[in-house]
*Asks:* 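After the structure tokens below, expect a handful of questions from me.
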Amino acid sequence: MEKILIVDDSILQAAQLKKILEDEYEITTAHTAEEGLGLASTENYSLILLDVVMPGMDGFTLLKKLQEEIITQSVPVILITSLTDIENEQYGLILGAVDYVTKPFHARIIKARVNTHVKLYQYRRQIEQQSMTDQLTGIANRRKYEDYSITKWNEAIRLRVPFTICMFDIDRFKVYNDTFGHPAGDKVIEAVAKTAAGHLKRSTDFLARYGGEEFVGILLGDSAEKAFAHLKRIRQEIENLHIPHDPSVSQWVTVSIGGVTIMPQRESSYDSYLKIADTMLYDAKKNGRNRVIWADEKMKQLHEK
């Protein structure tokens with residue numbers, strides 16, 4: 001069931017709205033704007049029903065805050081209010097509300113409008129998901145990575161937790177394609193992505209196809225030693241797939257991985273650390289491939305072999 005958040009200081013009206021919608025949706029209620037903001041920022045809702053006239057922070061102010069936050073700015077908001085003048089309705093719509101319902105409301109109208117906006121949100125979310133997914137592997141694509149990386153970088157700065165960037169690609173992939181053909185090469189990319197994604201599935205992990213046979217990963221909260229050990233396991237699991245390579249270069253398909261773990265600061269540049277991860281990948285390939293080379297917080301290299 002899709003989740004809906006009702007924010008209304010009137011316990012009676014919130015209960016009335018919940019009764020109208022609870023057969024089709026999972027309903028959460030909040031009775032202050034502050035409580036509503038907290039819930040909206042930590043849960044995934046498909047729609048927010050928001051009262052305008054509330055003590056303290058009013059609905060218009062809360063709507064502004066919701067529109068400013070990345071996590072909530074795409075969630076549709078319907079304003080429900082006793083303010084019937086055109087000026088307030090116009091103001092609410094300008095702020096970003098998708099609809100404006102005046103009291104007293106009718107159950108059938110509420111249901112119809114809610115259903116419409118939830119369906120529109122689901123459709124938009126599906127389109128966005130498709131545009132952010134690599135069609136071959138099913139993992140995130142480079143566009144998704146570029147959005148996600150900066151968001152998580154800023155989150156790591158705010159939370160003061162270690163941030164890891166790693167890059168890896170399939171060793172001598174051009175030789176593989178020349179030997180076995182591009183359809184077989186696509187299957188190798190799929191297998192590598194599936195194996196890596198299976199080990200990068202925590203809420204603090206992220207994996208994307210960077211381009212061709214190259215991938216990029218992000219981990220939050222792990223020390224350099226822990227991230228290094230985790231990526232070594234991934235490298236070994238890919239080798240353990242025992243996908244035959246061209247025997248002139250390797251027995252099995254393998255990957256080389258380079259990464260860096262740092263404690264990011266506001267004055268730090270994400271791109272400069274991405275270049276360091278890329279340099280570690282280059283060093284891994286230069287030193288024989290099928291290995292992991294890492295840079296820790298002090299830029300000291302950690303070598304697998």
Side-chain angles (χ1 to χ4, degrees), residues 134 136-142 145 148-149 152 162-177 179-180 184-202 204-262 273-297 299-305:
D134 177 63
L136 175 63
T137 62
I139 64 174
N141 61 16
R142 185 158 178 172
Y145 154 73
Y148 184 94
S149 58
K152 287 301 175 181
F163 184 94
T164 290
I165 315 167
C166 60
M167 302 191 74
F168 56 99
D169 68 7
I170 302 169
D171 294 325
R172 299 193 183 280
F173 188 66
K174 184 179 184 304
V175 176
Y176 187 93
N177 270 342
T179 303
F180 299 101
D186 286 348
K187 290 182 179 179
V188 167
I189 291 172
E190 286 184 79
V192 168
K194 182 179 179 180
T195 302
H199 289 80
L200 294 171
K201 56 187 178 182
R202 299 171 303 177
T204 51
D205 297 339
F206 176 80
L207 176 69
R209 188 178 177 193
Y210 196 69
E213 73 276 19
E214 195 168 18
F215 301 84
V216 60
I218 292 173
L219 296 78
L220 259 67
D222 291 338
S223 66
E225 291 76 14
K226 186 175 180 181
F228 178 56
H230 194 44
L231 270 296
K232 285 194 295 182
R233 286 193 293 272
I234 291 174
R235 182 209 59 74
Q236 186 62 59
E237 287 298 319
I238 291 169
E239 184 178 11
N240 289 346
L241 293 174
H242 287 170
I243 302 172
H245 207 313
D246 185 309
S248 66
V249 296
S250 177
Q251 182 180 12
W252 312 116
V253 168
T254 60
V255 295
S256 297
I257 303 175
V260 58
T261 300
I262 69 288
Y273 288 103
L274 178 63
K275 289 177 183 176
I276 291 172
D278 195 40
T279 300
M280 296 302 103
L281 172 59
Y282 175 80
D283 287 350
K285 298 177 83 66
K286 184 177 68 174
N287 283 278
R289 297 181 172 83
N290 190 27
R291 67 193 62 223
V292 181
I293 294 185
W294 214 262
D296 66 12
E297 292 88 344
M299 295 299 108
K300 178 183 176 182
Q301 279 197 356
L302 306 174
H303 290 255
E304 182 176 11
K305 296 180 180 179

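Since the structure is predicted, the reported quantities are computational estimates derived from the model, not experimental observations.
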*Asks:* Salt bridge or not for Arg233 and Glu237, using N-O below 4.0 Å?
*Replies:* no

*Asks:* Identify, with sequence neighbours excluded, every residue that meets side-chain contact (heavy atoms from CB on, under 4.5 Å) alongside Lys286.
*Replies:* Tyr282, Asp283

*Asks:* On a heavy-atom basis, which atom in Leu207 and which in Phe215 lie closest, and how many Å separate them?
*Replies:* CD1-CB, 4.2 Å

*Asks:* My understanding is that only residues two or more places apart in sequence, or in another chain, count here; which of them pass side chain to side chain donor-acceptor pair (under 3.5 Å) with Asp246?
*Replies:* Thr179, Ser248

*Asks:* Can you measure from CD1 (Ile238) to CD (Gln236) and round to the nearest 0.5 angstrom?
*Replies:* 10.0 Å

*Asks:* Suppose the criterion is side-chain hydrogen bond (donor to acceptor under 3.5 Å, both in side chains): which pairs have a residue in residues 207-218, not counting sequence neighbours?
*Replies:* Asp134-Arg209, Arg142-Tyr210

*Asks:* So do Phe163 and Leu220 actually touch side chain to side chain, heavy atoms under 4.5 Å?
*Replies:* yes

*Asks:* Grab the two heavy atoms, one from Gly185 and one from Phe173, that are nearest each other, plus how far apart they are.
*Replies:* O-CZ, 3.4 Å

*Asks:* Could you tell me which residues satisfy side chain to side chain donor-acceptor pair (under 3.5 Å) with Lys152, sequence neighbours excluded, listed by chain and number?
*Replies:* Glu155

*Asks:* Can you tell me how far apart CD (Glu239) and CD (Gln251) are? Round to the nearest 0.5 Å.
*Replies:* 8.5 Å

*Asks:* Check whether any side-chain heavy atom of Ile218 lies under 4.5 Å from a side-chain heavy atom of Tyr145, and answer yes or no.
*Replies:* yes

*Asks:* Kindly write out the residues that satisfy side-chain contact (heavy atoms from CB on, under 4.5 Å) with Ala140, not counting sequence neighbours, or none if the list is empty.
*Replies:* Lys144, Phe206, Ala208

*Asks:* Can you name the side chain to side chain donor-acceptor pair (under 3.5 Å) partners of Asp169, sequence neighbours left out?
*Replies:* Lys285

*Asks:* Taking side-chain contact (heavy atoms from CB on, under 4.5 Å) as the definition, give me every residue that meets it alongside Ala184, ordered by chain and number, with sequence neighbours left out.
*Replies:* Tyr176, Phe180

*Asks:* Pairs under 3.5 angstrom only: tabulate donor-acceptor contacts from the side chains of residues 189-200 to other protein residues two or more places apart or in another chain.
*Replies:*
{"unit_1": "Thr195", "atom_1": "OG1", "unit_2": "Ala191", "atom_2": "O", "d": "2.9"}
{"unit_1": "His199", "atom_1": "ND1", "unit_2": "Thr195", "atom_2": "O", "d": "3.0"}

*Asks:* Where is the tightest heavy-atom contact between Leu231 and Cys166, given as atom of each residue plus distance?
*Replies:* CD1-SG, 4.0 Å

*Asks:* I'd like to check the side chain to side chain donor-acceptor pair (under 3.5 Å) partners of His245; sequence neighbours left out, ordered by chain and number.
*Replies:* none

*Asks:* Going through the distances and angles, do Asp296 and Phe228 end up as a side chain to side chain contact (heavy atoms under 4.5 Å, CB included)?
*Replies:* CA-CA 9 Å; Asp296 66 12; Phe228 178 56; over 6 Å; no

*Asks:* Taking side chain as C-beta onward, heavy atoms only, is Ile276 less than 4.5 Å from Met299?
*Replies:* yes

*Asks:* Nearest 0.5 Å, please: how far is CG in Leu274 from CD1 in Ile165?
*Replies:* 5.5 Å

*Asks:* Show me the donor-acceptor pairs within less than 3.5 Å that the side chains of residues 252-259 make with the rest of the protein, sequence neighbours left out.
*Replies:*
{"unit_1": "Thr254", "atom_1": "OG1", "unit_2": "Asp171", "atom_2": "OD2", "d": "2.6"}
{"unit_1": "Ser256", "atom_1": "OG", "unit_2": "Asp171", "atom_2": "OD1", "d": "2.6"}
{"unit_1": "Ser256", "atom_1": "OG", "unit_2": "Asp171", "atom_2": "OD2", "d": "3.4"}
{"unit_1": "Ser256", "atom_1": "OG", "unit_2": "Asn290", "atom_2": "N", "d": "3.2"}

*Asks:* Working to the nearest 0.5 angstrom, can you tell me the gap between Ile262 CD1 and Tyr273 OH?
*Replies:* 6.0 Å

*Asks:* For Lys275, give me all partners under salt bridge (Lys or Arg N to Asp or Glu O under 4.0 Å), at least two apart in sequence or on another chain.
*Replies:* none

*Asks:* Could you check if a side-chain atom of Glu225 sits within less than 4.5 angstrom of a side-chain atom of Thr261, using non-hydrogen atoms only?
*Replies:* no

*Asks:* Under the side-chain contact (heavy atoms from CB on, under 4.5 Å) test, which residues partner Arg202, sequence neighbours left out?
*Replies:* Thr204, Asp205, Leu219, Asp222, Lys226

*Asks:* Nearest 0.5 Å please: distance from the CE atom of Met280 over to the CD atom of Gln301.
*Replies:* 4.5 Å

